[in-house]
Amino acid sequence: MEDAIQKVSQAKHIYIFARGLSKLIGEDILLKFELLGKDAQLHDDPNIIKTLSKQITGIDTVAIFLTLNGNTPELVSAAHSLAENDVTTITFTCNNDGNIIQYSDLIFLGVKSAESYFPKYEVRSRLPLQILTRIFLDAYAIRIQSHHTKKAENHNHSI
């Protein structure tokens, strides 16, 4: 958790990649980063994800992946490209055997429900991903606000 908070704090650019129903979680993350003054983008189109991930570089950049099963082909491909470009990747998933894991620097692992009410589709509950991202974002927001408060206190004492 601490490593992820530090990486996001230091990042100038944040890219969020999600497909399907995980995009809704990505929209929540994007909004919260924007409210906290971070430069963030969300992408869910497979062609854009694959193309853009090959162009992203920089140690001041973080990519966040939201993938329930960890095997979504375009997300795995993007994570691989970003790993080759030395971009820090943070993955929120519910599959510790997912193909994306090998290309992820930091991993938040939830538990996927065994029950699926739509067996023909990957339509399982995203609640584990929502909980993980909420904990991460709350911890990040608290850290940022705490940092700004200390900075203001130090500035007031030096006046």
Side-chain angles (χ1 to χ4, degrees), residues 1-11 13-53 56 61-147:
M1 179 73 69
E2 181 61 31
D3 290 344
I5 290 171
Q6 288 299 321
K7 291 289 187 181
V8 168
S9 293
Q10 296 167 3
H13 312 286
I14 300 170
Y15 292 90
I16 305 162
F17 298 107
R19 296 279 298 129
L21 295 176
S22 298
K23 176 190 174 196
L24 299 172
I25 299 168
E27 290 172 351
D28 187 47
I29 294 170
L30 177 65
L31 175 63
K32 289 177 180 169
F33 278 145
E34 288 173 341
L35 292 173
L36 292 167
K38 294 301 284 186
D39 174 34
Q41 298 178 25
L42 170 64
H43 298 283
D44 69 327
D45 179 273
N47 294 321
I48 292 173
I49 290 170
K50 287 190 281 190
T51 303
L52 184 62
S53 64
I56 298 170
T61 302
V62 169
I64 295 175
F65 289 93
L66 305 169
T67 172
L68 192 66
N69 67 21
N71 291 316
T72 307
E74 52 274 14
L75 297 180
V76 173
S77 173
H80 181 250
S81 296
L82 292 165
E84 286 183 341
N85 291 343
D86 294 322
V87 173
T88 297
T89 55
I90 302 171
T91 300
F92 291 87
T93 188
C94 292
N95 182 4
N96 63 344
D97 293 324
N99 293 329
I100 200 167
I101 296 292
Q102 64 187 320
Y103 307 116
S104 303
D105 295 308
L106 300 165
I107 302 158
F108 288 84
L109 185 62
V111 177
K112 181 167 65 170
S113 63
E115 194 68 33
S116 175
Y117 300 108
F118 305 93
K120 292 182 182 179
Y121 308 98
E122 186 62 36
V123 182
R124 295 179 187 261
S125 173
R126 278 4 188 223
L127 186 59
L129 293 181
Q130 289 172 313
I131 292 169
L132 289 172
T133 57
R134 172 71 188 268
I135 292 168
F136 170 70
L137 288 166
D138 286 357
Y140 175 74
I142 290 166
R143 177 65 53 83
I144 293 304
Q145 291 172 355
S146 172
H147 176 73

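Using a 4.5 Å heavy-atom cutoff, the side chains of Ser22 and Thr67 are not in contact. For the pair Thr133/Ile64, no side-chain contact is recorded, criterion being any heavy-atom separation below 4.5 Å from C-beta on. Counting only heavy atoms from C-beta outward, the side chains of Ile49 and Arg19 approach each other to under 4.5 Å. No side-chain heavy atom of Ile56 sits less than 4.5 Å from a side-chain heavy atom of Asn85.
With rounding to the nearest 0.5 angstrom, the OG atom of Ser81 is 12.5 Å from the CD atom of Glu74. Summarising the geometry, atom CD1 belonging to Ile48 is positioned 10.0 Å from atom CZ belonging to Phe17; distances are rounded to the nearest 0.5 Å. Annotation: the span from Thr61 atom OG1 to Leu82 atom CG amounts to 9.0 Å, rounded to 0.5 Å. Separation of atoms CD1 (Ile90) and CD1 (Ile14) is listed at 8.0 Å; rounding is to 0.5 Å. The structure places CG of Leu30 at 9.5 Å from NE2 of His43, a figure rounded to the nearest 0.5 Å. Separation of atoms CG (Leu24) and CG (Leu129) is listed at 11.5 Å; rounding is to 0.5 Å.
Contact record, Ala78 with Ser53: CA-OG, 3.3 Å, taken as the closest heavy-atom pair. Considering every non-hydrogen atom in both Ala11 and Lys38, the closest pair reads O-NZ, 2.6 Å.
Sorted by first and then second residue, the side chain to side chain donor-acceptor pair (under 3.5 Å) pairs with a member in residues 90-103 read Asn71-Asn99, Thr91-Ser104; sequence neighbours excluded.
Every residue two or more places apart in sequence or in another chain was checked for a side chain to side chain donor-acceptor pair (under 3.5 Å) with Lys7, and none qualifies.
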Evaluation steps, side-chain contact (heavy atoms from CB on, under 4.5 Å), between Asp28 and Arg134: CA-CA 9 Å; Asp28 187 47; Arg134 172 71 188 268; 5.7 Å; no
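The backbone N or O of Leu66 lies less than 3.5 Å from no partner atom in the side chain of Lys23, so there is not a single donor-acceptor pair. With hydrogens and angles ignored, the 3.5 Å screen pairs a side-chain donor or acceptor of Asp45 with a backbone N or O of Asn47.
Taking the six-membered ring where tryptophan is involved, the planes of Phe33 and Phe136 are perpendicular, since the angle between them exceeds 60° and thus also 30°.
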